[in-house]
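Sharing a structure here in structure tokens format.
Numbers for residues simply follow the sequence, beginning at 1. Given the structure is predicted, the values throughout are model-derived calculations rather than measurements.
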Amino acid sequence: MHKVFVRHPAFFILLHCLVWWITTILAKSTLDGYGDMVEVYAWSQHWLMGSDKHPQFLPWMAKLWFTVARQTVASFYFLSAINLAVAMFGILALGRAVKLGDMQLAVALALCALALPYLTLPGKLNMNAICLSTWPWTAWAFVRTIDRAARRRLVHAVLLGILAAVSMLGKYYSVVLLLPLFLYTLAPGQRWIWRTPAPWLAGAAFLLAFLPHLLWLIEHSDAVAYANNQDSGGGMANRFRYILKFAAAPLVYWPIPIVFAVVALSSGRYPGRIGKALDFRTVPGVLAVAAIGPWLTPIAFSIVGLAELSTPWAIPIGFAFTLYLVANSDPDRLAVNGPRLLDAYRFIWPAMIVTGLAIAVGAGMKSDARSYRPEAESAGAVHEYWAARHAAPLLWAARGNSAAVLAFFSPTALEALPKLPDRLPSYYPPFADWKDKAGVVFCSLRRGEDVDEACLNEMVAWADAAGLQAEPVTLTVRRGGWRFPKDVPFALAVVYVWPR
């Protein structure tokens, strides 16, 4: 089995991502509980240039995806699996660019698949997850650009500029990757690159690709409020606590690869093994920068007060960690234990699927509130109630991520608005003639019979002030099927709004 993966690492990637997708749709009957994925869907309804939180590369990709794919939980997680595959192919390309051997590459991929950012966390397809796929490809283009022996270096320089822009359009946080790569070119042995056209071509390509969004930012300075609010505000003690948590993130997110590298890929006494596995002097310099730079740069930003770190920001920083670890591996130990790790996937993959099934059964038996949350059923109930009483179609839903849930699962076209139609933010296109269109305002979806009465009253008053008819409605919705053996009703409270 390991011989196939060593010769054809792409086969390992594709098979692993397929198993990951099956495991995920077994374990998860809903989209992520934080609302990140439906938020991406809401942004994807238009070709937005930006938002009040993030740039829009991921929503653009989601928009393309849902032009050909159904709007279902399984379909959205399949897009997550595609993102995971692109990420792992990028790691493979980066490993080849720094000239790692075939066994090293296969083992690096096998270890990567056991790290939490590539095992459990990529299911929540948000702006951290998109960095998993954009960062390794950006680093690959950088390595190819600064490689004196590489063919078509100028082509790779243009690709570097474009991919760097794509990374920034995925999340502004990508600067923590680009900055250490740039600083690496100023090292004594790398300054030669500035005497060639390559960095200037890369810079020009970056500016051309990023310029439309930059111009949009200039015109919509209010839209970057979310990014501006990420500065430190909790005092030095609080900042130091977050720095420590972020500094420990590699141990939290990559424990299996680190332990395997120390135990199975290094030789000698254990204190010495740890030093060998982590020694930056014995790996290619650019690989060390790619592995360590995105980890140290946010810490430096926090120390000087530019940002207060969040542990989830560490999710994409380790794209080169497993390449770094195998580059430091003992060749003899790698030859013995590398094949063992690869062969273990004949057990790891079935175990993943069984675990996903066990999670589904356990959530069903425990009446887990998240699993039983009837999101698709709510969208169907909202549509059915309206269609049974009105000939005109529902055309919009407000507000925020909850409205995006209704729109995503709606059996008919429904635009999810980030706020009420007369209060839309500047980044969102105007919703023309909204008073002539029927819509629905989401108020609450709660287990049992509790509803948000204050929201219902507020929305009825808002509709009356706008000269519209309104009907507050409370519907009882529940999930059914083999995954949901318990009867767990939820109360869905909405307000239908339509012209007088």
Side-chain angles (χ1 to χ4, degrees), residues 1-24 61 64-65 69 77-115 117-119 121-123 125 129-144 147 150-152 155-156 159 163 166-167 254 256-257 260 265 284 287 290-291 316 318-327 329 334-335 337-353:
M1 186 175 183
H2 68 270
K3 294 181 180 179
V4 175
F5 294 151
V6 171
R7 288 196 302 266
H8 306 288
F11 180 66
F12 174 89
I13 294 173
L14 295 175
L15 187 55
H16 174 73
C17 292
L18 176 61
V19 171
W20 178 90
W21 176 67
I22 294 171
T23 301
T24 300
M61 297 301 100
L64 292 175
W65 174 248
Y77 283 126
F78 196 81
L79 181 58
S80 297
I82 293 174
N83 185 64
L84 177 59
V86 173
M88 295 184 73
F89 275 112
I91 293 170
L92 174 62
L94 177 59
R96 285 174 171 163
V98 296
K99 299 176 175 59
L100 296 184
D102 291 344
M103 179 61 73
Q104 289 177 312
L105 290 172
V107 172
L109 291 172
L111 289 175
C112 172
L114 296 176
Y118 301 89
L119 183 62
L121 300 176
L125 188 58
I130 196 64
C131 293
L132 293 175
S133 59
T134 59
W135 286 18
W137 283 107
T138 302
W140 163 80
F142 178 80
V143 173
R144 298 294 293 172
D147 185 352
R151 299 174 57 192
R152 299 187 294 274
V155 173
H156 288 110
L159 286 175
L163 289 169
V166 167
S167 293
W254 285 268
I256 295 177
F260 186 87
L265 300 182
L287 178 57
F319 67 92
F321 279 178
T322 58
L323 297 173
Y324 183 95
L325 292 171
V326 298
S329 64
L334 179 68
N337 292 320
R340 290 176 179 173
L341 173 63
L342 295 169
D343 288 337
Y345 271 86
R346 70 181 67 185
F347 307 108
I348 293 173
W349 284 327
M352 287 173 58
I353 294 175

Checklist line | Within the 6.0 Å centroid threshold, strictly below: F5 and Y345 | finding: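 No, ring centres 6.0 Å or more apart.
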Note to self: Once rounded to the nearest 0.5 Å, what's the spacing between atom CG of L342 and atom CG of N337?
What the structure shows: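 Going from the CG atom of L342 to the CG atom of N337 covers 11.0 Å.
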Checklist line | Pairwise side-chain contact, R96 with W140, heavy-atom cut-off 4.5 Å (strictly under) | finding: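 Not in contact.
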Next item on the list: Give a yes or no answer on whether the side chain of W20 reaches the backbone of A85 with a donor-acceptor pair at less than 3.5 Å.
Entry: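 No, W20 side chain to A85 backbone: no donor-acceptor pair under 3.5 Å.
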Next item on the list: Identify the two heavy atoms, one from P117 and one from P122, that lie closest to each other, and give their separation to 0.1 Å.
Entry: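 For P117 and P122, the tightest heavy-atom pair comes out as O-CD, 3.1 Å.
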Note to self: Could you measure the distance from the CZ atom of R151 to the NE2 atom of H156? Nearest 0.5 Å is fine.
What the structure shows: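 That separation rounds to 10.0 Å.
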Notebook entry, point to check: Within the distance-only criterion (no hydrogens, no angle test), does the side chain of T134 pair as donor or acceptor with the backbone N or O of S167 below 3.5 angstrom?
Noted result: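 Between the backbone of S167 and the side chain of T134 there is no qualifying donor-acceptor contact (under 3.5 Å).
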Notebook entry, point to check: Can you check side chain to side chain contact (heavy atoms under 4.5 Å, CB included) on W21 and L84, steps first, answer last?
Noted result: CA-CA 10 Å; W21 176 67; L84 177 59; over 6 Å; no
Next item on the list: Find the distance between CE (M103) and NZ (K3) and round it off to the nearest 0.5 Å.
Entry: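 Answer for the CE-NZ pair, M103 versus K3, is 10.0 Å.
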Check: Who are the side chain to side chain contact (heavy atoms under 4.5 Å, CB included) partners of L14, not counting sequence neighbours?
Finding: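 Checked L14 against side chain to side chain contact (heavy atoms under 4.5 Å, CB included); matches are F89.
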Checklist line | Side chains of P257 and L325 in contact at under 4.5 Å (non-hydrogen atoms) | finding: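 Heavy-atom side-chain distance check passes, below 4.5 Å.
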Next item on the list: Go through the steps for L132 and L121 under the test side chain to side chain contact (heavy atoms under 4.5 Å, CB included), then give the verdict.
Entry: CA-CA 10 Å; L132 293 175; L121 300 176; over 6 Å; no
Next item on the list: For residues F260 and L114, determine if any side-chain heavy atom of one lies less than 4.5 Å from a side-chain heavy atom of the other.
Entry: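 Result no, sub-4.5 Å side-chain heavy-atom pair not found.
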Notebook entry, point to check: If we only count heavy atoms from C-beta on, is the L163 to F142 side-chain gap below 4.5 Å?
Noted result: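 No, their side chains stay 4.5 Å or more apart.
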Next item on the list: Find out whether R144 and V155 are in side-chain contact, i.e. whether some heavy atom of one side chain is under 4.5 Å from a heavy atom of the other.
Entry: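 Result no, sub-4.5 Å side-chain heavy-atom pair not found.
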Margin query: I need the C17 SG to F12 CZ distance, nearest 0.5 Å.
Written below: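 Going from SG on C17 over to CZ on F12, the span is 9.0 Å.
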Margin query: Suppose we call two aromatic rings close when their centres sit under 6.0 Å apart. Are Y118 and W254 close by that rule?
Written below: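 No, too far apart.
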Next item on the list: Can you measure from CZ (F319) to OG (S133) and round to the nearest 0.5 angstrom?
Entry: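 Separation between the atoms: 12.0 Å.
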Notebook entry, point to check: So, for A291 and F321, which heavy atoms are closest and what is the spacing to 0.1 Å?
Noted result: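 A291 and F321 have their closest heavy atoms at O-CE2, 2.9 Å.
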Margin query: Looking at every non-hydrogen atom in both residues, tell me the closest pair between C131 and P316 and how far apart they are.
Written below: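 So the minimum-distance heavy-atom pair works out to CB-CB, 3.5 Å.
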Item checked: Side-chain heavy-atom pair H16, C112 within 4.5 angstrom cut-off ->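 No; the side chains remain at least 4.5 Å from each other.
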Note to self: Using only atom types and a distance under 3.5 Å, with no angle test, would you say the side chain of N83 pairs donor to acceptor with the backbone of L125?
What the structure shows: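 Not a single qualifying donor-acceptor pair exists.
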Next item on the list: Determine, step by step, whether L79 and M61 satisfy the side chain to side chain contact (heavy atoms under 4.5 Å, CB included) criterion, reporting the C-alpha distance in whole Å, the side-chain angles of both residues, the deciding distance to 0.1 Å, and the verdict.
Entry: CA-CA 9 Å; L79 181 58; M61 297 301 100; 5.6 Å; no
Notebook entry, point to check: Closest approach of M88 and L109, non-hydrogen atoms and distance?
Noted result: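 Closest heavy-atom pair between M88 and L109: O-CD2, 3.6 Å.
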Notebook entry, point to check: Ignoring hydrogens and geometry, is there a side-chain-to-backbone donor-acceptor pair from D102 to V6 under 3.5 Å?
Noted result: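 No: the side chain of D102 does not pair with the backbone of V6.
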Item checked: Sub-4.5 Å side-chain heavy-atom contact between L119 and I256 ->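 Sidechains of I256 and L119: no contact.
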Next item on the list: Identify the two heavy atoms, one from Q104 and one from A327, that lie closest to each other, and give their separation to 0.1 Å.
Entry: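 Taking every non-hydrogen atom into account, NE2-CA, 3.9 Å.
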Check: Looking only at heavy atoms, what is the nearest atom pair of T322 and A108, with distance?
Finding: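 For T322 versus A108, the nearest heavy atoms are OG1-O, 3.1 Å.
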